[in-house]
Amino acid sequence: MLDKVYDPKGIDTKWQRIWEERGVFTASRDSGDSPYSIILPPPNVTGQLTVGHALGTTVQDLLCRWKRLKGCNVLWLPGTDHAGIATQTVVEKSLLEHGIGREELGREKFIEECWRWKETYHDRIVRQLGRLGASLDWTREVFTLDPGVSRAVRRVFVHLYEKGLIYRDRYIVNWCPACRTAISDEEVEFRDHLGKLYYIVYPFADGGGEVVVGTTRPETMLGDVAVAISPENPEAADLEGRMLVLPLTDRSIPIILDDVVDPEFGTGFLKVTPAHDATDFEIGRRHGLAPFIVIGRDGTMNEAAGRFAGLTVADARAGVLAALEEEGLLRNVEDYHHAIGHHDRCDTIVEPAVSRQWFLRMDSLAAPGIEVVERGDVTFYPGRWKNIYLSWMENIRDWCISRQLWWGHRIPVWYCTECDETIAAVDEPERCTTCGSAVLTQDEDVLDTWFSSWLWTFSPMGWPEKSRDFKIFHPTSVLVTGGDIIFFWVARMIMAALEFTGEIPFSDVYITGIVRDAKGRKMSKSLGNSPDPIDIIDTYGADAFRFTLMKLSPPGQDLLFDESKVEMGKHFANKIWNAARFVMEQPYDDRDLFGGSPNDDPLNAACAALFGRAPSAGAAFGWEDRWIAGELVRALGEFERAIDAYRIDEALGIAYDFFWHAYCDWYLELSKPVLRENGARGRGAALTARFTLALSMMMLHPIMPFITEEIWSLVAPGAEILAASRIPGLPAGLVDPSLAEQVGQFQEIVTNIRNLRQTFRLPPAQGVRVIIRCEPGAAMQERLERFRRQIVHLARVDELEIAENVPKPAGSASAGLTGLEIYVPLKGIIDIDVERQRLRRDLEKLSAETEKIENRFGDGRFLQRAPDDVIARERSRLEEMADRRDRIARILEEME
RNA sequence: GGGAGCUUAACUCAGUGGUUAGAGUGCUACCUUCACACGGUAGAAGUCACAGGUUCAAAUCCUGUAGCUCCCACCA
């Protein structure tokens, strides 16, 4: 039996253990079921999971569990990422706290430390995923530095090298002075900054006058090699080639012409510093001007900076400005808004620097990646991400793939010390391929972390071997991730899969929203505003957390998360628990409910299909039973449609509304008196209550796996556990639209009577007499007779009179529905004037609405142009409202 | 500079041409009725940012304006 109070903690851990023991999430290598696969975006081993991870993970788990219920062979592949820069940084920091520097420790020992760190956080992440209920196939877990995937990385490198797409170049790259490594363009985060624009005088070398350049970085003038002007400058012909004295130095630099200069900007004179500015570097290349480096790798000025050597960039700037001022060469300073690049991992200002790095040529890889998305082979949800992806791919730039780190995949390139040959190889070569020398040294750098991640749909499946897993599960079904890594990862995975497997990596890309705090700030470690999902799960339960995350995050919409919102999920879980308790505590046992022989009744057949046992011959179903079963089947259909469209929030709304508002509010309330009778109808109701509960658990299981599994084990004892079950095929004919409509009318009658009771403040205990006058004709009367008992019960009516022509009692509260008039005689209790006013208000509302529609009809164009079904609907609506209006008017008349 | 998204009840958000615009929370009144007060019943609450336009019909489509958020860009 279920405990009186719902306590998720024990239930969660119990089922987590059972699932694991039973191995229900291990994908099959020899099943004929249609495959469904998702790769978990591998979390970084630097830390713990955030609420954002919980969101993405829950989406994936929900899809996987749903597909299992639908009979698919599901593979959800877990893995973790070594996260080069991030991990190296945290390990370095923690070593420094013990006074140990990376250099003194040495490369090998340092990497050992990183592995230790990885183990600790890996285990923590696995625990977190488990608590969340993630149905991952741990038998296939991978880490980005595992031997298999490492080998795949080297193969890919060598393949691209041999194809001529990977090259080494001395080029200007984004350099992080704090991490002491190059980073890619994507890792630079631009932020607006209020700085200054400094105007500096450069005198002509021949003494005749001067030019003025504008710059935001005066300290870089020490590395200037030219001043550029636009060829459109009217004086271009005269100025080109003239020499300028570079202030504070003993160098002279020429004036050159370059198209990149905007003649309208500043003075029209651009100082050219190829060593410290990307644009300037390109200008330098075009004009054969070598970079003059004045800032070192650590972000301080070097020897070439002369008297400023050793200063930080900031100090050098102050020094240069003071010196210029002294010499009268600082013409002007103005405020200036511009964007400054920061390293996204450590927030340090990025210093463009010239260094020797490995690059991957991207354009030929991008072309097929553009094609598959344009053709619709890969679809983004929501669709607007398609354009973001395409515009990036169409303007793609070469990828700087080398990092000056120790933690990562070492670049598989060796240099011959004898003949300088460069050898790229999957396995370490013993001898130089050219001169045969055995003295080879491997490149010191490692690869960008994303160079292993971009192979993630296939490298964990044993590629390049054509493994069973690869054959069955590649391409994967859907990728679920945040929009922030669409360039880092999604786009690159598409390119890699096409290049190396000839297949798309996934057909759908579901982009989740970003989780922010209640104030709209992005959750981040530095702000300390991201709660640990484990704490939330401890307080509210995993199911409540999952439900809330899914319900509150429509696709692509950011989620302002606040722990108190999880109350919603907790309330729902509690509701489910108590409803289940009610159903399971009814005094009927299996012998009462099962053991008959199967028959053609759809509800009977549905119960047999779900429970594997035919209902007892002594159980009889009522209209409530057929109605709720039909509602559930309808809800299931809508639920599935919503999931297939990745409208998870909508799917949850459907399940929630069904369970709470149809099943609990109406069905269980309707069943109570029937259940108490303990006869054939009672058995039918008990059976239906169980059937609907059990099938609801199937629908809710992907969202709330723990509580549904617990309830399932009681409502379907002996059956397969839910996580390993399939939704049975259900007989046609369970949905009866005519019955649904009649029940809708019934609900309206009950609500109206309740409304009358409340309006006149009748205490709940006080019974009332209700008279329903209905339009002539047997159908309506019969229908009301059929509902009589339930109306009496739910509206707390003592005596219900139903007839075509019952007299309206004096002093009564009334409501006019379509085809019906409801009277509650309240002589002496109600204030007739209050009642009259209430009815007049109703009447006014109706009249206003009727008028609106009549105007529509009055305008001939509506009849001409609107589609027939709309006209028909409006017409019947008009009739219905006219009917109601007449009825209320008549009631009012009778009051006089 | 280019682009995208958002603006709907007190709050957080659904709703993309066709009934009287919905939910959760909060609020009001009544109810501890033998599943649930993490509950029930009934209710109040919205010029759908603003201004034009298209249409028989606009929260929904178009144009513009304002505010907020984000992305991209060789803003010296």
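Residue numbers start from 1 in every chain, and the chains themselves are labelled A, B, ... in the order their sequence lines are given, proteins ahead of strands. Just so it is clear, the structure is predicted and the values come from calculations on it, not from any experiment.
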Would the base of [N] count as contacting [X] through its side chain, where contact means a donor and an acceptor less than 3.5 Å apart?
X      : N     : result
A:K551 : B:A14 : no
A:E874 : B:A57 : no
A:K575 : B:C38 : no

Under 4.0 Å between any heavy atoms, over every strand shown, what does [X] touch: base, sugar-phosphate, or nothing? Just pick one.
X      : value
A:V213 : nothing
A:H661 : sugar-phosphate
A:R873 : sugar-phosphate
A:A866 : base
A:R647 : sugar-phosphate
A:T751 : sugar-phosphate
A:Y656 : sugar-phosphate
A:A339 : base

Establish, with yes or no, whether the OP1 or OP2 oxygen of [N] is under 4.0 angstrom from a side-chain nitrogen or oxygen of [X].
X      : N     : value
A:Q557 : B:A14 : yes
A:R516 : B:C70 : no
A:R761 : B:A42 : no
A:W660 : B:G40 : yes
A:N578 : B:C38 : no

Atom-to-atom span, [atom1] of [X] to [atom2] of [N] - whole angstrom:
X      : N     : atom1 : atom2 : answer
A:H193 : B:A76 : NE2   : P     : 12 Å
A:L652 : B:G24 : CG    : P     : 14 Å
A:L762 : B:U41 : CG    : P     : 18 Å
A:I707 : B:C38 : CD1   : C1'   : 12 Å
A:N332 : B:A76 : CG    : P     : 17 Å
A:H338 : B:C74 : NE2   : P     : 16 Å
A:L560 : B:G5  : CG    : P     : 19 Å

Among the nucleotides [options], which one has an atom lying closest to any side-chain atom of [X]?
X      : options             : answer
A:R754 : B:A35, B:U41, B:G24 : B:U41
A:F487 : B:G18, B:C71, B:C74 : B:C71
A:H571 : B:G39, B:A14, B:U19 : B:G39
A:D665 : B:G18, B:U41, B:C13 : B:U41
A:K565 : B:C74, B:U41, B:U12 : B:U12
A:C664 : B:C36, B:A35, B:A76 : B:A35
A:R796 : B:G24, B:A76, B:U33 : B:U33

(message) side-chain hydrogen bond (donor to acceptor under 3.5 Å, both in side chains) for A:K570 and A:T539? Distances and angles first, verdict last.
(response) CA-CA 10 Å; A:K570 194 183 157 200; A:T539 312; over 6 Å; no
(request) Give the C-alpha distance, both sets of side-chain angles, the deciding distance and a yes or no for ring-ring contact (aromatic ring centres under 6.0 Å, His included) between A:Y6 and A:W577. (result) CA-CA 6 Å; A:Y6 166 56; A:W577 185 261; 5.2 Å; yes
(request) Please determine if A:R885 and A:D883 form a salt bridge, counting it only when a charged side-chain N lies under 4.0 Å from a carboxylate O. (result)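 Answer for the salt bridge query: no.
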(message) Strictly distance-based, threshold 3.5 Å: is any side-chain N or O of A:R757 a donor or acceptor partner for the main-chain N or O of A:R796?
(response)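 Yes, the answer is positive, given that a donor and an acceptor are paired below the 3.5 Å cut-off.
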Which whole number of Å gives the distance between the [atom1] atom of [N] and that of [M]?
N     : M     : atom1 : answer
B:C71 : B:C38 : C1'   : 41 Å
B:A73 : B:U65 : C1'   : 26 Å
B:A10 : B:U28 : C1'   : 14 Å
B:G22 : B:A45 : C1'   : 13 Å
B:G17 : B:G3  : C1'   : 27 Å
B:C74 : B:C62 : P     : 31 Å
B:A4  : B:U12 : P     : 26 Å
B:U60 : B:G53 : C1'   : 15 Å

[N] - base-pair partner by Watson-Crick or wobble geometry, distances under 3.5 Å:
N     : result
B:U28 : B:A42
B:U7  : B:A66
B:U12 : B:A23
B:U55 : none
B:A76 : none

(request) Classify the angle between the aromatic ring planes of A:F547 and A:F572 as parallel (below 30°), tilted (30 to 60°) or perpendicular (above 60°). (result)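 Correct class here is tilted.
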(request) Using a 4.5 Å cut-off on heavy atoms from C-beta on, say whether the side chain of A:E282 contacts that of A:V260. (result)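 No, their side chains stay 4.5 Å or more apart.
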(request) Return the 5'-most residue of the pair A:F269, A:R861 with respect to RNA chain B, ranking by each residue's nearest nucleotide. (result)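 Counting from the 5' end, the first nearest nucleotide belongs to A:R861.
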(request) For A:D185 and for A:D262, locate the closest nucleotide of RNA chain B by heavy-atom distance; then report the residue assigned to the nucleotide nearer the 5' terminus. (result)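 Result of the comparison: A:D185.
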(request) Starting at CZ of A:R754, measure out to CD of A:Q747 and round the result to the nearest 0.5 Å. (result) 9.5 Å
(message) Quick check, does A:W577 stack with B:A35? I mean ring centres under 5.5 Å and planes off by under 30°.
(response) no
(message) Quiz question: by atom type and distance under 3.5 Å, do the side chains of A:Y171 and A:D398 form a donor-acceptor pair?
(response) no
(request) Using the six-membered ring of A:Y656, assess whether NZ or CZ of A:K575 lies under 6.0 Å from its centre and within 45 degrees of the ring axis. (result)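 Not flagged: A:K575 not positioned over aromatic ring of A:Y656.
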